[in-house]
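We name chains A, B, ... by the order of the sequence lines, and we start the count at 1 in each one.
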There are 2 protein chains.
Amino acid sequence: MKHLPHKTIERLSQYRRALLICAAKGKAHIFSHEIAKIQHITPVQVRRDIMLIGYTGTLRKGYNVQELIDLIGDIIDTKEGLNVAIVGIGNLGRAMINYFNGKRTKLSIVAAFDSNPDKVERAFSGVKCYHIDQMGEIIKNENISIGIITVPAGAAPEITEKLVNSGIKGILNFTPKPVNVPSRIYLEEYDMITSLEKIAFFVKTHA
Amino acid sequence: MKHLPHKTIERLSQYRRALLICAAKGKAHIFSHEIAKIQHITPVQVRRDIMLIGYTGTLRKGYNVQELIDLIGDIIDTKEGLNVAIVGIGNLGRAMINYFNGKRTKLSIVAAFDSNPDKVERAFSGVKCYHIDQMGEIIKNENISIGIITVPAGAAPEITEKLVNSGIKGILNFTPKPVNVPSRIYLEEYDMITSLEKIAFFVKTHA
DNA sequence: TACCCTTTGTTAAATTATTAACAATTTTCT
DNA sequence: AGAAAATTGTTAATAATTTAACAAAGGGTA
């Protein structure tokens with residue numbers, strides 16, 4: 001299989017989540033237009049994405065829900081799963097942990113870090129919190145490959161550097177401050193304010 | 001001015017934030033490559049975005065920081081500002097409120113809603129929480145145009161419907177469940193799990 | 001002055017992403 | 001059997017986005 005576009009990867013993740021819900025309801029097959037409806041996109045796009053991963057449905061029944069779930073899993077997940085750490089146990093950090101607890105996934109948050117002594121050595125929704133200075137050690141011992149940054153913006157560069165030095169492979173930065181990482185590390189950044197300002201712009205102009 | 005691309009709007013919001021920091025440091029002028037460095041993009045893209053909004057820098061000094069901030073404000077903000085409500089006072093909802101409190105911006109979170117009686121009538125970081133049943137009334141009285149959904153996924157469709165019926169203009173949905181809105185309403189959705197799974201994929205394939 | 005360096009503004013090209021179009025296939029109905 | 005309807009898979013077309021290329025301008029310097 002050749003390159004899968006970034007956007008396709010994102011949609012596959014979302015298809016899988018929708019499919020898992022369908023599977024739980026006992027639905028065995030699904031049509032492209034049904035998936036499309038759930039995700040507010042076009043059926044063509046769904047078929048195209050599915051084509052790109054080399055799966056084939058049947059003409060009258062559509063796609064086999066479980067097969068598609070499994071195939072997307074083969075593409076996105078690693079067999080053993082990946083371990084995740086969260087840095088910064090504020091409201092956002094706790095939200096992430098809670099968010100994850102329900103889901104069954106190949107990604108597990110296995111450690112948290114914070115600089116506040118009141119938080120270290122405590123567990124948050126089952127995830128133990130360590131002091132930031134222990135980051136290098138824990139990340140290596142626990143084989144953690146992804147770090148989520150949910151600290152205040154000012155601390156982001158320093159935390160990023162620590163994560164990079166600890167041998168992390170991917171980073172999700174939720175602070176509004178863009179951070180720099182070596183090109184071997186995959187970086188994703190999301191900024192809530194930007195999302196809101198974008199909505200504001202379109203509300204304003206569409207009015 | 002003609003259509004500004006979505007991506008340009010997102011970047012303008014980010015440029016402005018970077019520029020505000022520069023201005024606070026007393027920097028009066030900035031080059032496209034400096035902005036680009038901060039945002040990890042190319043200088044050409046910065047110049048192109050700035051061209052699209054009709055601003056012009058000077059050849060030897062670059063762009064005037066304050067002028068650019070003001071112009072981006074003219075584009076993104078409304079003069080009087082927009083009011084925002086947050087629905088669901090869990091960790092994520094509180095994170096959003098805290099996030100906003102520091103920033104000076106034309107968007108203000110003026111109300112929160114929750115179904116938990118222990119939370120209603122309380123204030124969270126200065127934002128008063130009402131019962132969900134009061135949504136229609138409060139949104140009209142407070143002239144709220146944007147709603148942020150931070151409830152558990154299962155409740156998302158019902159909350160969305162209430163927001164729509166209350167006359168909201170834009171929605172930011174943080175639940176993993178895609179919601180349906182009439183086309184007159186601007187909808188933005190963000191799903192943390194998708195972001196993480198995307199990172200996982202690239203960590204896996206880039207290894 | 002004449003040349004070099006830097007930076008903007010902008011057009012053109014390339015790339016990426018989405019949408020349209022449609023042949024092929026299977027089922028259902030008459 | 002033959003026609004009609006629905007759906008997939010795929011190629012072609014379109015649209016959106018990014019990147020490249022480069023002329024023009026200004027300032028420094030020998």
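Within 6.0 Å of CD in A:Gln134 there are more than 12 heavy atoms belonging to other residues, nucleotides or ligands. Residue-environment remark: NZ (A:Lys140) exceeds the threshold of 12 foreign heavy atoms within 6.0 Å.
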Using atom names, set out every protein N or O paired with an N or O of nucleotides 11-17 of chain D below 3.5 Å, distance rounded to 0.1 Å.
none

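In this structure, the separation between CD on A:Glu158 and OG on A:Ser115 is 8.5 Å, given to the nearest 0.5 Å.
Side-chain nitrogen and oxygen atoms of B:Thr56 include at least one within less than 4.0 Å of the OP1 or OP2 phosphate oxygen of C:dG9.
The CD1 atom of A:Ile50 sits 14 Å away from the P atom of D:dT7 (whole-angstrom rounding). The interatomic distance linking B:Glu34 (CD) with C:dT8 (C1') rounds to 14 Å, in whole Å. Summarising the geometry, the separation between CD1 on B:Ile41 and P on D:dT18 is reported as 9 Å, rounded to the nearest angstrom. C:dG9 atom C1' lies 14 Å from atom CD1 of B:Ile53, rounded to whole Å. The interatomic distance linking B:Lys61 (NZ) with C:dT8 (P) rounds to 13 Å, in whole Å. When the P atom of D:dT8 is taken as reference, atom CG of A:Leu68 falls 12 Å away, rounded to whole Å. Across the protein-nucleic acid pair, B:Asp49 atom CG and C:dT8 atom P stand 14 Å apart, rounded to whole Å. A straight line from CD of B:Gln39 to P of D:dT19 spans 14 Å, rounded to a whole angstrom.
With hydrogens and angles ignored, the 3.5 Å screen pairs a side-chain donor or acceptor of A:Lys204 with a backbone N or O of B:Ile75. A side-chain donor-acceptor contact under 3.5 Å links B:Thr175 to the backbone of B:Lys177.
Salt bridge A:Lys27/A:Glu34: present, at least one basic N to carboxylate O contact under 4.0 Å.
Side-chain contact of B:Asn180 with A:His40: a donor-acceptor pair under 3.5 Å is present, judged by distance alone. Looking at A:Tyr190 and A:Ser195, their side chains do bring a donor and an acceptor atom within 3.5 Å of each other.
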task: For nucleotides 24-30 of chain D, just jot down a letter per nucleotide in 5' to 3' order: B, S or -, based on protein non-hydrogen atoms under 4.0 Å.
output: -BBS---

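In this structure, A:Ser32 reaches the sugar-phosphate backbone alone: every heavy-atom distance under 4.0 Å involves primed, P, OP1 or OP2 atoms, never a base.
Judged as a side-chain hydrogen bond (donor to acceptor under 3.5 Å, both in side chains), the pairs with a partner in residues 75-87 of chain B (not counting sequence neighbours) are, in order, B:Arg16-B:Asp77.
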